[in-house]
Amino acid sequence: MFTREGGITINFADRYAEVRRKVREAALKSGRDPRLIKIIGVTKTVDVERIKEAFLSGLKDFGENRLQEAEGKIAALPNSVNWHFIGRLQTNKARKVARLFRLIHSLDRFKLASFLAREGQERGKSVPVLVQVNIGKEKTKAGLDPEEVKDFIEDVSTLPGLKICGLMGIAPFLAQPEEVRPYFRSLKLLFDQIKIPGVEMKYLSMGMSNDFEVAVEEGANLLRIGTALFGERRLEG
Ligand SMILES: *Cc1c(COP(=O)(O)O)cnc(C)c1O
């Protein structure tokens with residue numbers, strides 16, 4: 001299946017190869033092992049046929065930000081897909097999201113943590129989550145302020161049924177990818193500073209279509225990439 005853009009036709013496999021090439025180059029440039037960096041294809045507004053095409057091209061991790069939109073896609077794709085929840089999560093949807101998704105990137109408050117933990121306890125398997133950090137301290141963005149993160153993780157790490165696995169951040173939208181470097185760097189510093197018993201800081205989820213190369217250079221190991229893989233999205237409702 002093809003997407004037309006500026007009169008040029010580009011298929012998914014070509015875009016995917018290009019993104020992987022850029023990830024590899026950014027990793028090598030900064031002395032990192034490219035194999036430890038995972039690309040998550042962000043499929044919000046992308047239909048099932050195109051997600052299947054991406055899956056057949058070798059992409060196995062997909063990210064969605066809305067439960068309603070994701071449910072049909074999850075049912076239509078093979079079980080071997082790893083689904084990532086990357087959007088704002090309401091407590092009334094928390095338990096279902098915990099069941100359907102492999103990793104939740106957007107834990108940002110204690111009440112949500114306790115709902116997720118309850119689900120984890122009931123099924124006897126901890127729910128893996130990342131704590132979302134508002135790295136640009138933007139009013140419009142979710143996430144904890146960087147200064148709150150350590151205390152928050154200490155608090156929620158005591159909840160049985162929940163497993164904190166790392167941090168997620170969204171950089172401010174800036175014209176030049178280079179301008180986001182300080183934000184990514186400070187998130188990586190925070191990530192490295194967290195030493196809490198029972199908490200293994202494993203994943204650092206940062207970098208999107210505009211800035212993923214900088215994110216790789218600054219230490220990201222999960223990249224959330226939509227547009228660069230699937231083309232421009234139609235307007236989100
Ligand atoms: C939409 C979205 C992305 C992907 O954005 P692109 O710029 O299209 O790569 C990544 N992370 C989150 C949280 C998103 O909502």
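Please read all numbers here as calculations on a predicted model, not as lab measurements. Whatever order the structure lists them in is the order used to number ligands and atoms, beginning at 1.
- Ligand 1 does not have N210 within reach: every non-hydrogen atom of the residue lies 4.0 Å or more from it.
- Under the 3.5 Å distance criterion, with hydrogens and angles disregarded, a donor-acceptor pair is assigned to the side chains of S205 and R224.
- The contact set between ligand 1 and I86, taken as ligand atoms under 4.0 Å from a residue heavy atom, comprises 11 (N), 12 (C), 13 (C), 14 (C).
- Each of the atoms 9 (O) of ligand 1 lies under 4.0 Å from some heavy atom of I225.
- In R102, the CZ atom is not crowded: 12 or fewer heavy atoms of neighbouring residues, nucleotides or ligands sit closer than 6.0 Å.
- Checked against the 6.0 Å centroid threshold, F230 and F12 count as a close aromatic pair.
- Taking distance alone, with nitrogen or oxygen atoms compared against 3.5 Å, S209 approaches ligand 1 more closely than that limit.
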#### Entry: From CA spacing to verdict: side-chain hydrogen bond (donor to acceptor under 3.5 Å, both in side chains), D145, N134
CA-CA 5 Å; D145 277 353; N134 190 353; 4.7 Å; no
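- Taking both residues in full, the closest heavy atoms of E69 and T45 are given as OE2-N, 2.5 Å, listed atom of the first, atom of the second, then distance.
- Close approach to R224 involves these atoms of ligand 1, each under 4.0 Å from a residue heavy atom: 4 (C), 9 (O), 10 (C), 11 (N), 12 (C), 13 (C).
- Put simply, no part of H105 is less than 4.0 Å from ligand 1, judged by heavy atoms.
- Here is the list of ligand 1 atoms found below 4.0 Å of a heavy atom in T227: 6 (P), 7 (O), 8 (O), 9 (O).
- Heavy-atom proximity to K44, at under 4.0 Å, picks out these atoms of ligand 1: 1 (C), 2 (C), 3 (C), 14 (C), 15 (O).
- Taking distance alone, with nitrogen or oxygen atoms compared against 3.5 Å, G226 approaches ligand 1 more closely than that limit.
- Between E218 and R181, the shortest heavy-atom distance links the atoms OE2-NH1, 2.8 Å.
- Looking at E232 and T227, their side chains never bring a donor and an acceptor atom within 3.5 Å of each other.
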